[in-house]
Amino acid sequence: MRQIFNIARKEFSDGLRNRWMLAISLLFAVLAVGIAWFGAAASGQVGFTSIPATIASLASLATFLMPLIALLLAYDAIVGEEEGGTLMLLLTYPLSRSQLLTGKFLGHGMILGLSTLLGFGSAAVAIAVLVPDVSISLLVSAFVRFILSSTLLGLVFLAFAYVLSSRATEKSTAAGLALGVWFLFVLVFDLALLTILVVSEGKISPELLPWLLLLNPADIYRLINLAGFEAGAQGLGVMSLAGDLPMGLTALWLCLLVWLGVILGWAHLAFAKRVG
């Protein structure tokens, strides 16, 4: 455990030194506060609208940002160490590959978690202070769920980054693969489902299509944050399929945790098989 803690502390301090945590926190804070107050500007309204609308807008934003930031944060975690000549040095210490990867994961995870808390938490504080008659209990529960699920989504894509970094031979290759993974899950997947809906013309079982949403952690994340809000019941695009998905909020959380466990296990296996 001490070896894992030392690696995690090193990765966390590197993130602080490289201004990762500051940059992510400021980005989240500015965008979150902006969406909370100007999210409905297109409809002619300026100012805070409602907690469900704010969370839905923030979840849509985080669906794009969290995976990308997580992938960029850790795509060179292994291959970068190898190119810099420090991987072999680290492996000469009384430190297993599993401990090294776990320590890096914890360090990067702390950066993501604290950045998410500070950035998006600032929007919750601003709403609580500046908006009269807002339901504090609903605000706290909605933002706690949003921040925890956003962090969990980021951890899933951190694990993806370790898989790519363990299998790539160059940092440039790992960066390209990371962008490919982001493109696949954030953009292509939903477009592919919509294409299936249109092309199939009802030939595919309607009971099957909602379950396909579980094949994308980004869609599971959005379902978690739309659950329990009337605004989320009328989903757009593939989210409209969620109404036929016979799963509760707890099951959705478990699905996202399963994604994390499977991809992190894959990362450990890929790193264990890496030559060098």
Measuring only between side-chain heavy atoms, which start at C-beta, is [X] closer than 4.5 Å to [Y]?
{"X": "Leu252", "Y": "Leu214", "result": "yes"}
{"X": "Phe185", "Y": "Phe160", "result": "yes"}
{"X": "Leu260", "Y": "Leu256", "result": "no"}
{"X": "Phe105", "Y": "Leu101", "result": "no"}
{"X": "Thr169", "Y": "Glu82", "result": "no"}
{"X": "Ile24", "Y": "Leu114", "result": "no"}
{"X": "Leu213", "Y": "Ile220", "result": "no"}
{"X": "Met66", "Y": "Phe28", "result": "yes"}

In Å, rounded to the nearest 0.5 Å, how long is the span from [atom1] of [X] to [atom2] of [Y]?
{"X": "Leu22", "Y": "Leu16", "atom1": "CG", "atom2": "CG", "result": "9.5 Å"}
{"X": "His268", "Y": "Ser96", "atom1": "NE2", "atom2": "OG", "result": "9.0 Å"}
{"X": "Thr54", "Y": "Phe146", "atom1": "OG1", "atom2": "CZ", "result": "10.5 Å"}
{"X": "Leu95", "Y": "Leu100", "atom1": "CG", "atom2": "CG", "result": "5.5 Å"}
{"X": "Leu112", "Y": "Leu152", "atom1": "CG", "atom2": "CG", "result": "11.0 Å"}

For [X] and [Y], which heavy atoms make the closest approach, and how far apart are they?
{"X": "Ala270", "Y": "Val163", "value": "CB-O, 4.4 Å"}
{"X": "Leu73", "Y": "Asp76", "value": "O-OD1, 4.2 Å"}
{"X": "Glu11", "Y": "Ile111", "value": "O-CD1, 3.7 Å"}

Subject >> Salt bridge flag under 4.0 Å for residues Asp190 and Arg222 >> reply: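 Judged by the 4.0 Å cut-off on N to carboxylate O distance, Asp190 and Arg222 do form a salt bridge.
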Original post:
With the threshold set at 4.0 Å, does a side-chain nitrogen-carboxylate oxygen contact exist between Lys171 and Glu83?
Top reply: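 Not counted as a salt bridge, because no side-chain N and carboxylate O are separated by less than 4.0 Å.
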Original post:
Is the CH2 atom of Trp253 crowded by more than 12 outside heavy atoms at less than 6.0 Å?
Top reply: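 Atom CH2 in Trp253 is crowded, with more than 12 foreign heavy atoms closer than 6.0 Å.
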Subject >> Pairs flagged by side chain to side chain donor-acceptor pair (under 3.5 Å) wherever residues 146-162 is involved - sequence neighbours left out >> reply: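 Pairs touching residues 146-162 that pass the test: His108-Tyr162, Ser149-Asn225, Ser150-Tyr221.
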Original post:
Can you list every pair that meets side chain to side chain donor-acceptor pair (under 3.5 Å) and has a residue in residues 127-144, with sequence neighbours left out?
Top reply: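 Pairs touching residues 127-144 that pass the test: Ser135-Ser137.
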**OP:** For Gln99 and Ile7, run side-chain contact (heavy atoms from CB on, under 4.5 Å): C-alpha distance rounded to whole Å, both residues' side-chain angles, the deciding distance at 0.1 Å, then the answer.
**Re:** CA-CA 8 Å; Gln99 290 173 325; Ile7 294 295; over 6 Å; no
**OP:** Show your reasoning for whether side-chain contact (heavy atoms from CB on, under 4.5 Å) applies to Leu118 and Met21.
**Re:** CA-CA 9 Å; Leu118 294 174; Met21 198 169 101; 4.2 Å; yes
Original post:
Is there a donor-acceptor pair closer than 3.5 Å between any side-chain N or O of Arg167 and the backbone N or O of Ser165?
Top reply: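 No, Arg167 side chain to Ser165 backbone: no donor-acceptor pair under 3.5 Å.
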